[in-house]
Amino acid sequence: MDLRFTQKTVKFGDGKITVWGYIQYGGVREICRQDGAPSHTSISTSKFLKAKKIKMLQDWQAQSPDMNIIEHMWGRMKEEAWKTKPKNIDELWEACMTAFFATSDEFINKLHESLPNLMDAVLQAHGSHTRY
């Protein structure tokens, strides 16, 4: 399962960085720093989706850890990045990149392998919170 177009905001003092990334089974991953403009809600993207008659979920919780395994990756990245005690935004970004790519392929694979259980738990909870 390829989890693209997923973002996480990491805050530092008065500033913040917005990180976009994806993870794939087998450890393939990518991360980049954004300027804070969410591409998935831009006017041009909205027009494109409408022109192509692509229907979107209206009430989707974008950062729901119950349905988005990359949220666990963001949590680990953030925890490891803060251990370096970054002094500015650039150091925070460097720490985030280091932590993201240092995460083991095994961890990423386990996240993907948890999907069937995760989906069962969400169904059993009728969409409410789960232990995930």
S.K.: Before giving the answer on side chain to side chain contact (heavy atoms under 4.5 Å, CB included), spell out for Gln24 and Ile108 the whole-Å C-alpha distance, their side-chain angles and the decisive distance to 0.1 Å.
M.R.: CA-CA 7 Å; Gln24 291 177 301; Ile108 293 171; over 6 Å; no
S.K.: With a 4.5 Å cut-off on side-chain heavy atoms, are Met77 and Trp82 touching?
M.R.: no
S.K.: Would you name the heavy atoms of Ile69 and Leu115 that are closest together and state the gap between them?
M.R.: CG2-CD2, 3.6 Å
S.K.: What distance separates Lys50 NZ from Lys52 NZ, expressed to the nearest 0.5 Å?
M.R.: 15.0 Å
S.K.: Applying salt bridge (charged side-chain N to carboxylate O under 4.0 Å, His left out) to Glu80 and Arg76, what does each step give before you reach the verdict?
M.R.: CA-CA 6 Å; Glu80 293 300 315; Arg76 177 173 278 202; over 6 Å; no
S.K.: Minimum heavy-atom separation for Ile31 and Phe101, please, with both atom names.
M.R.: CG2-CE1, 3.3 Å
S.K.: How close do Asn109 and Gly26 get, heavy atom to heavy atom, and via which atoms?
M.R.: OD1-N, 2.6 Å
S.K.: Just how far is it from atom CZ of Arg29 to atom CE of Met73, taken to the nearest 0.5 Å?
M.R.: 5.0 Å
S.K.: Taking all non-hydrogen atoms of both residues into account, name the closest pair between Trp20 and Trp74 and its distance.
M.R.: C-CH2, 4.1 Å
S.K.: Let me confirm one number: the CE-SG distance from Met97 to Cys32, rounded to the nearest 0.5 Å.
M.R.: 11.0 Å
S.K.: Between Lys110 and Asp105 (salt bridge meaning N to carboxylate O under 4.0 Å), is one present in this structure?
M.R.: no
S.K.: Which pair of heavy atoms, one from Ala81 and one from Pro86, lies closest together, and at what distance?
M.R.: O-CD, 3.8 Å
S.K.: Using 0.5 Å steps for rounding, measure from the OG1 atom of Thr84 to the CG atom of Leu92.
M.R.: 7.5 Å
S.K.: Look up atom CD1 in Ile89 and atom CD1 in Ile17, then write down how far apart they are to the nearest 0.5 Å.
M.R.: 6.5 Å
S.K.: Do you know the tightest heavy-atom contact between Glu91 and Lys87?
M.R.: OE1-N, 2.8 Å
S.K.: Output the distance between atom CE (Met119) and atom CG (Leu123), rounded to the nearest 0.5 Å.
M.R.: 9.0 Å
S.K.: Could you go through Glu30 and Ile23, starting from their C-alpha distance and side-chain angles, then the distance that decides it, and tell me whether this counts as side chain to side chain contact (heavy atoms under 4.5 Å, CB included)?
M.R.: CA-CA 7 Å; Glu30 189 56 66; Ile23 55 175; over 6 Å; no
